[in-house]
Structures are given as C-alpha cells and as structure tokens.
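For reference, the structure discussed in these notes is given below.
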Amino acid sequence: MKKRYLVTAALPYANGPLHIGHLAGAYLPADIYVRYLRLMGRDVVFVCGSDEHGAAITVKARKEGTTPQAIVDQYHTVLKDTFEKIGIGFDIYHRTSAPIHHQTSQDFFRKLLDKGAFLEETTEQYFDEIAGQFLADRYIVGTCPVCANPEAYGDQCEKCGSALSPTDLINPKSMLSGSVPVKRPTKHWFLRLDQHEAWLREWINTGVADGKKLHNPADWKNHVLGQCNSWLDQGLQPRAMTRDLDWGVDVPQEIPGSEGKKLYVWLDAPIGYISATKQWALDNGKDWEPYWKSDDTALVHFIGKDNIVFHCLIFPAILKAHGDFILPCNVPANQFLNLEGRKLSTSKNWAVWVHEYCADFPGQEDVLRYNMIKKMPEQSDSEFTWKGFQETNNNELVNNLANFVNRVLVLSHKYYAGIVPAIDHDQDFKSGWETDKTGSYDQELSLLYGKLREMGTEIERFNFREALRVVMEISSAGNALLQFNEPWKTVKDEPEMVKVVLNLALQYVAVLSVAIRPFLPFSADRLRKMLNLGLLRDKGDLLAILNELVEGNPIMLPNHALGQSEHLFSRISDEVIEAQIAKLGASEPASAPAAEPTEIQYAPMKETIQFDDFAKMDIRTGKILTAEKMEKSKKLLKLSVDLGFETRTILSGIAEHFSPEEVVGKQVVVLANLAPRPMMGVESQGMILMAENEQGALSFVSPADGWPSGFGVR
RNA sequence: GGCGCGAUAGCUCAGCUGGUUAGAGCGUGCGAUUCAUAAUCGCAAGGUCGCGAGUUCAAGUCUCGCUCGCGCUACCA
C-alpha cells in the first residue's frame, strides 16, 4: 500500500459548462475514489482546475466579439460552482491562468531544455503582418507550381493532388487578411518522443521502468493498454511543444527565439495538476513535493477515453524527461456516456447540463450521482435515459434504501422511544442474508465487515458500479432481516428477539451512513443527522468502524438516542421526467449561467463593402434533389442541386449536422458563381448558404415553400 | 483509409489465465406480508453470448474474415 495518493481529474476546458458525460467519465469516479481513501484514513490530495489556454478559446472569443480572458473567467466560475454543487470534493480547483501555473510551466520547460529533451528546429514560415501572426499551411493560398492552379493551398494543390509546402506557392496570399505574407524564421521545440518509445513500451506493458516494478499492467483497463500500444506500434514522432499563438503560457523570455511563442496546451495542461498541488500546499502549509516526487506516492489520473495517449504516453515522457517526477500508477480512463440513444452533442444541445440539473432538482444531487455511477462507462460506452433515471430513483433509492432507513427508525421510535435497545447477544433470530438461516448478532456484524471490505476492494480496482451494488446489498439484506423476523408481529411474544433484530437493523443503517458517503455524500450527512451520530470527518471514519466490527463491537451503542426520521429520497413523477425529455435537443442552446447576466455575444461587423462588391455575387434559389455521404469524409455531403436551368453538384460540409435523407427536397439559397473547387476528387460547383449560431449549429436559409428554383436573390 | 475498444436476458451491465445446467440489478408473472414514501420478502419465466468460418476432448472466453457503434489518427471545413 502506498503512503500517499495524488489524484487528478481531467482539467475541464474553460469554454463551456459541464455535462453528465464529463461527470460520469472522470469527476465522479475520481471523487468516489478519493472519498473512499479519505474514509480509510489515507493521505490523499485531489486536484483539478480549469484549462484556460489554447486556440479554441481564442477562436470562441473572436466569434463572440470578446476577449479570451472574459471567456475563461466566465466558465471558470461556472465550472467551479457546478463541481461544488454536485459534491465533487476537490482539495483545490485551480486554473491554468494563475501566475503560479505560468511559473511552474516555464520552470518545467527550462528544465526540459537543460536536459536536452527538445529538438529545436527553425524554419522559415509565412507571417501575416496585418493579422500579426504566423500562418498555418492551410491558411495560405497561391498558384500551384506544378499545374498553375491559382487556388492551391499551402499544403496541397487540390487540382493536381501535389503535396506542397507553403514556400512552393507562387504569389502566396494569406486567407486571414488577404495580404501578401512575408517569410520569417520561427523556432519551435519538439519533444523527442521517439527517444522515449522504448522505455514507454516496457513501462506500459510490464509496469517496469528503470528496473523498478511500478505497477501491474493487468490492473489497467483494456482499452487504455490497447490505445497506448496502438500508438507505440506506429512509432512515436517528435512532437512540437510550442506554438505561435497569442494566448497561453509564454515560452521563457530569456530563451533565444521565444518571442511570440507559447507553450503547447498539452504541455501546459497536465502541468496544471502540479501547479494546483503547489497552490494547495501553500494554502494549507504543506509540502507539495512528496506528492509528485516520492516513490511511495500513488499518482492516479482520472480521464475520459479521448485523453488516453496524453496521460499515458506524452505526459509520462515529459515527467521522465524532467527526471524528478514519479509516473502514474494507473490511468483508469472511462469510455463515453450516451444520452437517450444518441451521442452527447453540445452544438445540438443533446446533453444534460449539470448546472441545469442542480437548478431543476435542488436537494437531489445524489440522485444524479447514483444514476451516473449505475451507468458509469467503465468498460464500454453506456447509456443514460431519463426513464431509467426515474426508475432507479423510485425503485432503488426510495423503495430500497430510503424505505429501509425509514422503517427501522420508525420502529425504533415506536418500540423503544428512539433509544438503541440493549440486547442479549445469545438470542437467535433469522438472518437477512439468506433465507431460513438462523443468525447470530456477532455473525451479522462480521458479515457487515465483509461487505465493507468487498466494497473497498472494488473501489480500489476502480469498479465503482460493482462497489455501489455491494452497498445496496446491505440495504436489501436489512429489508430482508425485518421481513423474515416480522418485529411488528413478534414484538409482543418475543420482545428480546425483537430488540436484537432492531438493534442489528440500526447497525446496518449506521454502517450504511458511512458506506454511502463516497457515492452519496449529501445523503450520508442527512443520515448521520437522523441517527444523531455526528457528521463524518472524512478522515478514517470507515477504518474506525471496520476496526470495531472486526472486534465484534456494534457501531451504535445501547442507549444511544436517535434523531428524527425523515425521507432520505422522494419519488420523481412522470411529469418531471417528461419535462426533462422535452428539454433535450430544444433549439435553445445551453445557456451558461454567467457570473454576470448573460449577454449574447455577436460577431463583430466586417468592413463595409460597395454595392459593386455585392453585385458580383450571383445568388440564386435552388432545391436539393439528391444527397449522399462523401466516401472517406466525415463532414462532406455530396448534393445535386436544381437551379432551374441546370443541375449542379455541390459539396457541403454539413454531414455532421444533417443526414442525406433529411436534406433531400430542401429549398436552399446558392452562391452560384463561386469558382468551382475540387474536394476529395469531386468538383464542387457552388456553395449552399447556411446560418450558423454561436454554438456552431446550422440552419438552412430557404425561400418560401414552393418558390421556384433558379431565380436571383438580392 | 490505418489503429484501438466494444457488441451477452425486455432494459442497464458483470463474466480473470478456455472446462460441469451463462450471472447481477431493474422490469415482468405468481405467492407471502403490512412496520414503512402502495414500500418489503420469496419463487419463477426470459439468452443458438453481433454474423460466418477455424483451432481444441471442450469457446461467450483463442485465431481469421465480415457487420455495426465509439475513440484516436489521417484526410477534409
């Protein structure tokens, strides 16, 4: 057993709110694991924070006409608040825009540089002086040196298929500003992943690094190992760790060539775990280093399956290259959660947003947690449905768990005025664990002990669904205990037996008040109050009751006065569920509960044009006749469009938003005199005009029904 | 296109290194019961383990091919 634990949950990207897929994938399993470790008295730090850098945030800011800082400030607040409400108990929720993080990342970069971990490469790249930035290959157009096509891209000519580099182009132009880009030398630092391939392969597959056995690969999930080996088998390539961007952590200024350079977000983000730990240590008067540098620390990363290679290969390579840091002992990545038969989709608003759930179901945070655990995508993708949510709540939480607690407390108040009865240990009764079996008090306590251990084993193996099932078995056995012994019948004739049964049932409830804590923290607190037991300190409480149980001692002593019973969970009605289902996919995209009142951010106006500019465009009405998916392409649909006087073939990048069937027959508006462009071997003869909102959702722009095709739009 | 993971009862999912009648929870049917939020307990029915070959005395479990879903990557906006 390790001496201490450092547990991380994937840093959520600060450009949107949290949905149930995030919760079930990373945060809830991490939270359960950590709460359990705390209950067992282990030394554990649980860190997370907002990932606030990267091009996507810049793009979003530009789209909404605001600054990157405003975007990240807004979502950082939202995320932090949501985690608190749903009971994810981070020791710290940090952010990568914090100065301590910038320093930590830069120190890391310097150390890697000193150690020779980087390959430096200076290349001449095109720079747009008006836009003030280096241009990705794709953002440069010019004449193809091979076939003289005037619209070749910086990486490839679509017409003749030649692979190009931007400097091959004749008369290059920037697609951002239209200006002529100039060549400037730019230096980037590449992590020599190729040099790490050998030890990574051994470490992933045997758990051995530097001759030391660090973990057992059999404990890692199949899909995690599979994904890693898939990468290793293809050969690791040096990977750029810097970017020409204006939003992010600066490459340390004293390094030559650092001007205008930022750290690649995937270097910066995982270091966020470290800087968060540092900040936590500062806030709490602790030393952060043992948590990251000591062999007797277990480092565990909770993530979704899309992050596997970064956490299992690239970040470990970075840690190893640095030299002082330990490697993760497991990365229990989960798969994805689907919703009502479909993938979660932010742009289609096909999601359950956690902050909206908390607003719609106040005081029922644990119901969502319970459902997420039941449906946790531990080995394969899984599915959440609102109907299932309702059934689970009503059948398992209300009927089984809450009802058990309630009937025990009601009976105790009725027969013993709410005082735990003293008992004769030698009394026989019927065990709740098996039909027609005589139980003894000591045996039952030992069975409870066994169940708690079983729960713990499953949690330590990251089998959270199974662990929850074990806990619910305790509640079921408690119900059976009452059912088999029927105290409401036997209390007159066999009062001593009934005392034992109810005393024992109370021990079941007391055990549950601790056992449900990792899964249902809010309910655990409520239950403790009902039992008048005092809130859990999350410091070895479970270990303490295990020690009592193994000695054959009860958790609640005779003469302890119970509190008042209240309903731990309530039924959820059909109407409530129907309302939630109706919300799904509603045209209103998820509105972030902004720190300030929400204000829709519109894209800034483009520069003024003259009527002549407009008149050059030949825009016409049309109708989609046929549609099919383009082979090998995710985004393109191949459409044939009737323009009245002729039929055009048009490729449109809408395949992720519309199926071919649903667009056939649509009336559309077409930019008809756009120069034809070949894409994926097919020439596109025009462009379908679409409306796009700030979430990226698309809508056709159409004339009135039945409007004839081929006529002008002006 | 390349690679990875998944496909098991009506639903949601377990099944480790191949071995007797394939499991759980929920739902369904029947019975018992009333302390409890019409809750609980017992019993039962339900599966040619995605499709097709193969290896083996023996395959849900191994090999190959195929189909579908998801992810990574390439390509494409």
Side-chain angles (χ1 to χ4, degrees), chain A residues 138 153 155-156 158 218 221-234 237 304-310 333 335-338 341-344 371 374-385 387-389 391-392 394-415 430 432 435-436 458 461 463 465-466 468-470 472-473 475-491 498 501-502 505 565-571 630-636 651-656 677 679-682 684 687 696:
Chain A
R138 202 72 205 177
Y153 291 106
D155 54 350
Q156 195 184 8
E158 301 283 353
K221 298 191 182 192
N222 272 348
H223 62 268
V224 173
L225 296 175
Q227 177 96 60
C228 291
N229 279 316
S230 160
W231 268 61
L232 289 167
D233 291 347
Q234 285 169 48
Q237 304 300 322
K305 66 173 161 181
D306 51 342
N307 279 344
I308 289 171
V309 290
F310 290 104
Q335 307 248 11
F336 282 175
L337 183 75
N338 291 323
R342 283 162 55 182
K343 277 200 292 181
L344 287 166
N371 268 275
K374 288 264 309 179
K375 302 295 167 63
M376 202 170 267
E378 291 176 335
Q379 308 296 338
S380 58
D381 289 355
S382 65
E383 166 139 339
F384 174 89
T385 62
K387 194 87 188 107
F389 168 88
E391 283 174 4
T392 300
N394 294 353
N395 296 326
E396 299 183 38
L397 290 176
V398 177
N399 293 352
N400 187 340
L401 179 60
N403 178 50
F404 170 59
V405 169
N406 188 44
R407 64 200 297 216
V408 172
L409 287 175
V410 167
L411 287 171
S412 298
H413 278 284
K414 191 180 268 185
Y415 298 155
K430 287 174 185 157
T435 315
D436 292 329
E458 296 299 348
R461 288 180 185 157
N463 296 330
R465 302 165 70 128
E466 185 62 15
L468 183 63
R469 200 190 57 73
V470 171
M472 291 306 285
E473 269 181 16
S475 179
S476 288
N479 272 319
L481 177 72
L482 296 182
Q483 202 62 37
F484 293 159
N485 293 288
E486 302 182 299
W488 48 92
K489 271 190 189 169
T490 51
V491 67
V498 169
V501 168
L502 274 180
S565 175
E566 58 181 79
H567 291 167
L568 212 44
F569 294 98
S570 319
R571 263 162 213 300
M630 280 290 284
E631 286 285 313
K632 301 181 196 174
S633 168
K634 278 182 192 166
K635 295 185 180 175
L636 290 180
L651 303 186
S652 184
I654 57 174
E656 290 182 321
R677 173 181 297 167
M679 286 188 273
M680 309 205 67
V682 175
S684 179
M687 178 171 156

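These numbers come from a predicted model, not from an experiment. Order of the sequence lines sets the chain letters (A, B, ...), proteins ahead of strands, with each chain counted from 1.
- Residue-level contact check: A/Lys414 touches the backbone only, with heavy atoms under 4.0 Å from sugar-phosphate atoms and none from bases.
- Shown here, B/A14 forms no base pair; nothing in the strands shown gives a Watson-Crick or G-U wobble contact with both key distances under 3.5 Å.
- At a threshold of 4.0 Å, the pair A/Lys343-A/Asp381 does not count as salt-bridged, since none of the basic side-chain nitrogens sits closer than that to a carboxylate oxygen.
- B/G1 and B/A59 have their P atoms separated by 34 Å, given to the nearest Å.
- In this structure, B/U63 and B/A53 make a Watson-Crick or G-U wobble pair, each of the two defining distances being under 3.5 angstrom.
- Side-chain atoms of A/Arg407 lie closest to B/C35 of the nucleotides B/C35, B/U73, B/A24.
- Using a 4.0 Å heavy-atom distance criterion, A/Tyr415 is classed as making no nucleic acid contact.
- Distance from the side chain of A/Asn222 is smallest for B/C5 among the nucleotides B/C5, B/A14, B/G42.
- Among the protein residues, A/Leu568 comes within range of the nucleic acid bases, having at least one heavy atom under 4.0 Å from a base atom.
- Within 3.5 Å, no donor on the side chain of A/Asn406 pairs with an acceptor on the base of B/A36, nor the reverse.
- If you take atom C1' in B/C26 and the same atom in B/C68, they sit 27 Å apart, rounded to whole Å.
- In this structure B/G69 sits in the anti conformation; its chi angle is more than 90° from 0.
- Look at the C1' atom in both B/G47 and B/C13: the space between them is 14 Å, to the nearest Å.
- Between B/C43 and B/C5, the two P atoms lie 40 Å apart (nearest whole Å).
- The side chain of A/Ser476 lies closest to B/C41, out of B/A24, B/U37, B/C41.
- Backbone-only engagement by A/Gln379 is indicated by non-hydrogen atom pairs under 4.0 Å involving sugar-phosphate atoms exclusively.
- Nucleotides B/U67 and B/G23 are separated by 34 Å at their P atoms, to the nearest Å.
- Across the strands present, B/C5 finds its partner in B/G69; the criterion is a Watson-Crick or G-U wobble pair with both atom distances under 3.5 angstrom.
- The side chain of A/Gln335 approaches B/C5 more closely than any other nucleotide in the set B/C13, B/A32, B/C5.
- Backbone-only contact: A/Ser382 has heavy atoms under 4.0 Å from sugar-phosphate atoms and none from a base.
- Between A/Glu466 and A/Arg461 there is no salt bridge, since no side-chain N of the basic residue sits under 4.0 Å from a carboxylate O of the acidic one.
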